[in-house]
Visitor: 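Could you have a look at this structure, given as structure tokens, before my questions?
The figures here come from the full heavy-atom set of this structure, side chains too, leaving out hydrogens, waters and symmetry mates.
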Amino acid sequence: MVLHGINSSNTSAPLRSRLQASIRSIKQKGLDMLPGAEFSSEKFLYRLKDIGKNFSSDKQRLVLGATAIVTQPVIDAKNKSVDEKTRKVSVARTVAKIIAGTLTGFFIRYGCIKAIKAFSQIPGKGVPKYKTIFTPKGITDNTTDAFEQYRNAMGTVIALGVMLFTNFLIDAPLTKFLTNVFTKHQETEDKK
Amino acid sequence: MSSLGNLFSKFTSYMYKHYGENPGTMLVHTGVLGWIFSAAGQLFAIALNDKIPKEQKSFLYPQEAADAAINILSFYIITSSFKNVASKLVSTGKLSTSKIRNYIKSKGINPAEYIGKLESNIEKDFPEIKDDYKAFKNGVDVVASTVGSILSCNIVTPVLRNQYAAKKQKEAIAEMHKNDPQKDVKPKTLSMDAYIKMASLKFPSSNLKI
């Protein structure tokens, strides 16, 4: 029993390292397969830096909404699991959901990020305490990239909390209203 | 009250430390949180809706939970994979700027032996060019996270969800008609009435990314 234990521990170490080496080799091969690139255009790099610095979640929501309006209605329109009439209502509902969700999602994120900026000032003379409520301890410079990213992140988290309520209060009735408008429009078009 | 203040202070410090220098990670994590909140809102809406009978609620809860799992998992797996692969390409120098590559060469390092190697890590190996590297990496991370989220939210998730919803709705309709004398006649696709009936049981913004 003891011998068996010694044997298994002696053999498991090289086995583990062989396994690790195999995993590394697979990962390296995977990395080798991916394309590489070297960027030198100052204009492109400036744009990329700007995106990394200023592309906050409100802008991401707009981009998601804009691409959703192109892809999701097409996916619903090609859904063969439901009949034709159902597909039309489904497309109308999807378009309505995208419009309502994107509008509320964008404006609430945008507003919350702005609000966090207003309430995360650097403590100092003439700055009321309530304006520093979201300033992390020990921060003395509010112009760094890291602090800007923090404001975006905090604003987004607060926005998500707000949207728990607006999802019921704004999105739901707006989606219902727009779905009815689109469905009626579709029915009128079909009658022509 | 002061412990609540301390807790809040710890929370702001945590947010600063974890997301201050990682905008791509922030977009992935807040995106997942958005899906979780959306699913929670959906479950609450069912729980608070008096018009839904108890038996149907017991069917809708697991359906919503499964729906949420599809949304959250596909978003997280696809978006974080895109971001992680992009980060690896940048940290090993496979995706890089001329300035960074020229700096590596100026240190007497053979690019063929360093660039694209799994163990290479530009941020750790060359802290002198951290600012240029970080600016480039943050930009690539944000682009990768956004492309990943477009793919997951707008293509993969709707396709998976349509298939899952159609399957579940057919099961529900079959359940509704099980005492029907014509129960053997199963519809091949959903009818308009059935769809509206099923949709009316649910909160109108179901599956809406908040």
Visitor: Give a yes or no answer on whether the side chain of A:Lys137 reaches the backbone of B:Ser9 with a donor-acceptor pair at less than 3.5 Å.
Guide: no
Visitor: Judged by modelled atom types alone, do A:Glu38 and B:Ser98 share a side-chain donor-acceptor pair under 3.5 Å?
Guide: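 Per modelled atom types, A:Glu38 and B:Ser98 side chains form a pair under 3.5 Å.
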Visitor: Among A:Val74, A:Thr67, A:Thr71, which residue meets the side chain to side chain contact (heavy atoms under 4.5 Å, CB included) test with B:Ile155?
Guide: A:Thr71
Visitor: Is the backbone of B:Gly116 close enough, under 3.5 Å, to the side chain of A:Gln28 for a donor and an acceptor to pair up by distance?
Guide: yes
Visitor: Show the nearest heavy-atom pair for residues A:Gln149 and B:Gly20, with the distance to one decimal.
Guide: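 Nearest pair, atom of A:Gln149 first, then B:Gly20: CB-O, 3.1 Å.
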Visitor: With a 4.5 angstrom heavy-atom cut-off, could you sort out which part of B:Thr92 is near chain A: side chain, backbone, both or neither?
Guide: side chain
Visitor: Say whether, by atom type as modelled, one donor and one acceptor occur between the side chain of B:Lys88 and the main chain of A:Leu31 under 3.5 angstrom.
Guide: no
Visitor: At a 4.5 Å cut-off on heavy atoms, which part of B:Val140 comes close to chain A: side chain, backbone, both, or neither?
Guide: both
Visitor: Can a donor-acceptor pair be found, under 3.5 Å and without considering hydrogens, that links the side chain of B:Asn154 to the backbone of A:Leu64?
Guide: yes
Visitor: So, taking the atom named OG1 in B:Thr97 and the one named CZ in A:Phe44, what distance separates them when rounded to the nearest 0.5 Å?
Guide: 11.0 Å
Visitor: A:Phe134 vs B:Phe11, test: ring pair (Phe, Tyr, Trp, His ring centres under 6.0 Å). Steps then yes/no.
Guide: CA-CA 10 Å; A:Phe134 284 101; B:Phe11 176 62; 8.8 Å; no
Visitor: Does any backbone or side-chain atom of B:Met26 lie under 4.5 Å from a heavy atom of chain A? Answer side chain, backbone, both or neither.
Guide: side chain
